[in-house]
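Data block below; observations after.
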2 protein chains.
Amino acid sequence: MFGARCLLRALRSCSSAPCPRHKPSAKLSVRDALGAQNASGERVKVQGWIRSVRSQKEVLFLHVNDGSSLESLQVVADSSFDSRELAFGSSVEVQGQLVKSLSKRQNVELKAEKIEVVGNCDAKDSGFVHIHTPVITSNDCEGAGELFQVKPSSKIKVPEENFFNVPVFLTVSGQLHLEVMSGAFTQVFTFGPTFRAENSQSRRHLAEFYMVEAEISFLESLQDLMQVMEGLFKTTTMTVLSNCPEDVELCHKFIAPGQKDRLEHMLKNNFLIISYTEAMEILKQASQNFTFTPEWGADLHTEHEKYLVKHCGDIPVFVINYPLALKPFYMRDNEDSPQHTVAAVDLLVPGVGELFGGSLREERYHFLEQRLARSGLTEAYQWYLDLRRFGSVPHGGFGMGFERYLQCILGIDNIKDVIPFPRFTHSCLL
Amino acid sequence: MFGARCLLRALRSCSSAPCPRHKPSAKLSVRDALGAQNASGERVKVQGWIRSVRSQKEVLFLHVNDGSSLESLQVVADSSFDSRELAFGSSVEVQGQLVKSLSKRQNVELKAEKIEVVGNCDAKDSGFVHIHTPVITSNDCEGAGELFQVKPSSKIKVPEENFFNVPVFLTVSGQLHLEVMSGAFTQVFTFGPTFRAENSQSRRHLAEFYMVEAEISFLESLQDLMQVMEGLFKTTTMTVLSNCPEDVELCHKFIAPGQKDRLEHMLKNNFLIISYTEAMEILKQASQNFTFTPEWGADLHTEHEKYLVKHCGDIPVFVINYPLALKPFYMRDNEDSPQHTVAAVDLLVPGVGELFGGSLREERYHFLEQRLARSGLTEAYQWYLDLRRFGSVPHGGFGMGFERYLQCILGIDNIKDVIPFPRFTHSCLL
């Protein structure tokens, strides 16, 4: 009913002159078009992004979405409209007649009379080179401790200390290797297994998990970095929703009722940005009692992350500029005082808490040299310091936990349910 | 000169009547079309597969190849020809005029007057589901021994024997996990890191390498399996040649002169098939002296593999039906005698030797039960045996070493040169 009223209002506001043949088309949102209960050939115009394309011999089906609804509008066009430009992600303006659909899948569809491509979308143009970073490594990246060590099994004839000549571990992040490669390819990413020997029985930790990590040279601000992060979340989610609607619906229907609306809410809003300092103020003023008392200089715990997201109206929120003392040596010094921070950024999302972590990297040789010296890491990271001696550039990057991402969009409570062979404390089946 | 003669001959054989306007088009191979030295608008017809598409505002460029040449023929068409069906891998018949090209990249090009799509190629239809198999595993898959063991580093508070409660290793193959998933998705593949603690300083071994592995349910013959393997090699190679011609050319020009011809030779010939028993006969009759004397029941060594490939005219060769005693418990018993073999298959390629290994899997409960009992593995592989108790199907699969594949197509002698961060005995840099 609401949709039909909107449609009528839109049609009325468009033109009051009774000139049915040449009446200009009424511009409708996808939500309003979908809500039209008694569509009977009204001439309308819809703008949005193509979410799927199905090309048949005589007819072309497009699904167009403009963010006003999680559901897309089906556009039916003569096959003569077909062109390479009508591809996933392209933005289009479609004019045509809104009619009752013959299919049971939707009430209405748009019979296209004119399709104009507003902006092309050639997915190959993103310019990120896919790098396979190694799993076995002699560096521990974050100095954070929770490592698995790798040794040849006792049956092997090589003495274990001689296999690689140095102690080796399972990677906790491909970041440092990506930083090497970003010096050759400018924009790089990796998608691979990552390991943490954390003794955690939580619903959001695994001993073996997947991360998407990206590193971008010539990037100078957290703003630019956050734009890539938000874009990755939204584009990937729209792609998943478009390519596997049945799978997503299964989860939303039987496991996480209401998740469809929560996800739509995340997609249609701009993500928020608060500083770590602001976050601490919000937590201190909270009526809720926390297990860990919030104070400047302390880490955010899951309970804090969940409170902040709720406080932000269940919209994903970037928390930026963390205390220098909390973060690893490679994050860029903000040179502020008296509260000394680095240009770090975490993205907190509903249901999960921390989903992304990233930062600008310290590209200034002398800053990095001093930080390494203070941590006693100069010798181990000489090669990394050298990256700043020869052709250093401002750069930054981030990592996104893939299983947590799946938890977030599907509404799955336990991370062990989004991976076929979960590995965690006390369990390594098969 | 040769090409021009062919072209003239083709034109002559097509029609001897002097009727230039309505003369039917002469059918030419891509090789012959490319060889035409003085193309001046002859009307010809070329059939082949699209290797690349570049769509501009007013003109469409296709590269078409029919296997007669590693180089493709450039087809230039009006943009009105553009359609979604003109995609990578589609087969087409193009009629038009062969003309001198204005670009320096090629001598001739085909100005299209008619383009007919013979067979569509929608790459999403391959029907293989991508599975991430785990890196940390409690099984050793091949029982072959050369394993890395994984333990929490000494800083962790969990006693190491309690972390996973069982000893765990880095995966040597995702096969067994893929077999689980092929029981749900029919056709599955994985592409991920794999580990062998082999104390080898050879030019074709790494401690950490990538494998493409596939598993196919309802597959009943090695013939069908080999078809998938040959298809994977050829399609992937054509895709690489089409998408990264400059990179490939760089290697071929400066590192491996002559490799372009060797690769063309591999692509245009059907791969050969010999049995292990035949292979042994060939080796025994060889004039060459081998370090390891070839005899039935013994493994093939690199020197044998290289000899066999040379003997087969530098065409990749499948070796099938290996001695049962040489192979792991899961390979399908051929029930032959007196030389008892299993339905295993290795693909040997020029320059590298073994590139693929695969087999039909033993799907018969009682056969597998006996093999496991004989190896004392019944308890450890009870879960695997259960896959044959409930809904067992004939199936098979293979793995292809990705770095060796790159060595093979690029002509790179040392495997350490085709991976950014190589890990091998005595070396784990960064």
Side-chain angles (χ1 to χ4, degrees), chain A residues 53 55 60 79 82-87 131-140 145-158 162-170 176-177 180-181 192-193 195 197-199 207-208 210 383-384 419-430, chain B residues 53 55 60 79 82-87 131-140 145-158 162-170 176-177 180-181 192-193 195 197-199 207-208 210 383-384 419-430:
Chain A
V53 181
S55 173
L60 175 73
S79 63
D82 200 0
S83 96
R84 193 172 303 278
E85 288 187 316
L86 294 180
I131 305 288
H132 286 144
T133 51
V135 168
I136 299 178
T137 174
S138 54
N139 79 62
D140 63 359
E146 315 287 2
L147 292 168
F148 285 109
Q149 192 159 2
V150 175
K151 296 174 178 178
S153 84
S154 47
K155 290 178 224 159
I156 310 294
K157 286 158 206 119
V158 201
N162 284 354
F163 197 93
F164 290 114
N165 292 15
V166 288
V168 296
F169 308 94
L170 295 185
L176 302 190
H177 299 101
V180 175
M181 302 312 267
F195 306 84
E198 285 178 273
N199 180 18
E208 172 175 349
Y210 271 72
W383 65 270
Y384 184 73
I419 185 168
F421 303 97
R423 274 80 179 90
F424 52 99
T425 339
H426 307 309
S427 178
C428 181
L429 294 178
L430 310 199
Chain B
V53 181
S55 174
L60 176 73
S79 63
D82 200 2
S83 95
R84 194 173 303 277
E85 289 186 315
L86 294 181
I131 305 288
H132 286 144
T133 52
V135 168
I136 300 178
T137 174
S138 54
N139 78 64
D140 62 359
E146 314 289 2
L147 292 169
F148 285 110
Q149 193 159 1
V150 175
K151 295 174 180 179
S153 84
S154 46
K155 290 179 226 158
I156 311 293
K157 287 158 204 117
V158 202
N162 283 355
F163 197 93
F164 290 115
N165 292 17
V166 288
V168 297
F169 309 94
L170 295 184
L176 301 190
H177 299 101
V180 175
M181 302 311 267
F195 306 84
E198 284 178 275
N199 181 18
E208 173 175 348
Y210 271 71
W383 65 271
Y384 184 73
I419 185 168
F421 303 96
R423 274 81 179 89
F424 51 98
T425 339
H426 307 308
S427 178
C428 181
L429 296 178
L430 310 198

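Residue numbers begin at 1 in each chain, while the letters A, B, ... track the order of the sequences.
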Distance check, rounded to the nearest 0.5 Å: B/Phe169 atom CZ versus A/Lys151 atom NZ? 14.0 Å

Taking all atoms of both residues into account, what is the closest heavy-atom pair of A/Ile136 and B/Phe148, and its distance? CD1-CE1, 4.3 Å

Just so I know, are the side chains of B/Leu86 and A/Arg84 near enough to count as touching, which here means a heavy-atom distance under 4.5 Å? yes

I need the minimum non-hydrogen distance between A/Pro152 and B/Ala197, along with the two atoms involved. CB-CB, 4.3 Å

Please report the closest heavy-atom contact between A/Phe421 and B/Met181, naming both atoms and the distance. CZ-SD, 4.1 Å

Closest contact, heavy atoms only, A/Thr137 versus B/Leu430: OG1-O, 3.3 Å

Applying a strict 4.5 Å limit to non-hydrogen atoms, the region of B/Ser427 in contact with chain A is backbone

Restricting to ring pair (Phe, Tyr, Trp, His ring centres under 6.0 Å), what partner residues turn up for B/Phe424, sequence neighbours left out? none

Heavy-atom pair with the smallest gap, counting every atom of A/Asn165 and B/His426: OD1-ND1, 2.8 Å

Can you tell me which portion of A/Pro134 sits under 4.5 Å from chain B's heavy atoms? Options are side chain, backbone, both or neither. both

Between B/Tyr210, B/Tyr384, B/Phe195, the one whose heavy-atom pairs under 4.5 Å with chain A are most numerous: B/Tyr210

Quick one: which of B/Val168, B/Leu170, B/Ile131 has the most heavy-atom pairs under 4.5 Å with chain A, could you say? B/Leu170

For A/Ser83, is it the side chain, the backbone, both or neither that has a heavy atom under 4.5 Å from a heavy atom of chain B? backbone

Should A/Thr425 and B/Phe164 count as side-chain neighbours, where that means a heavy-atom distance under 4.5 Å? no

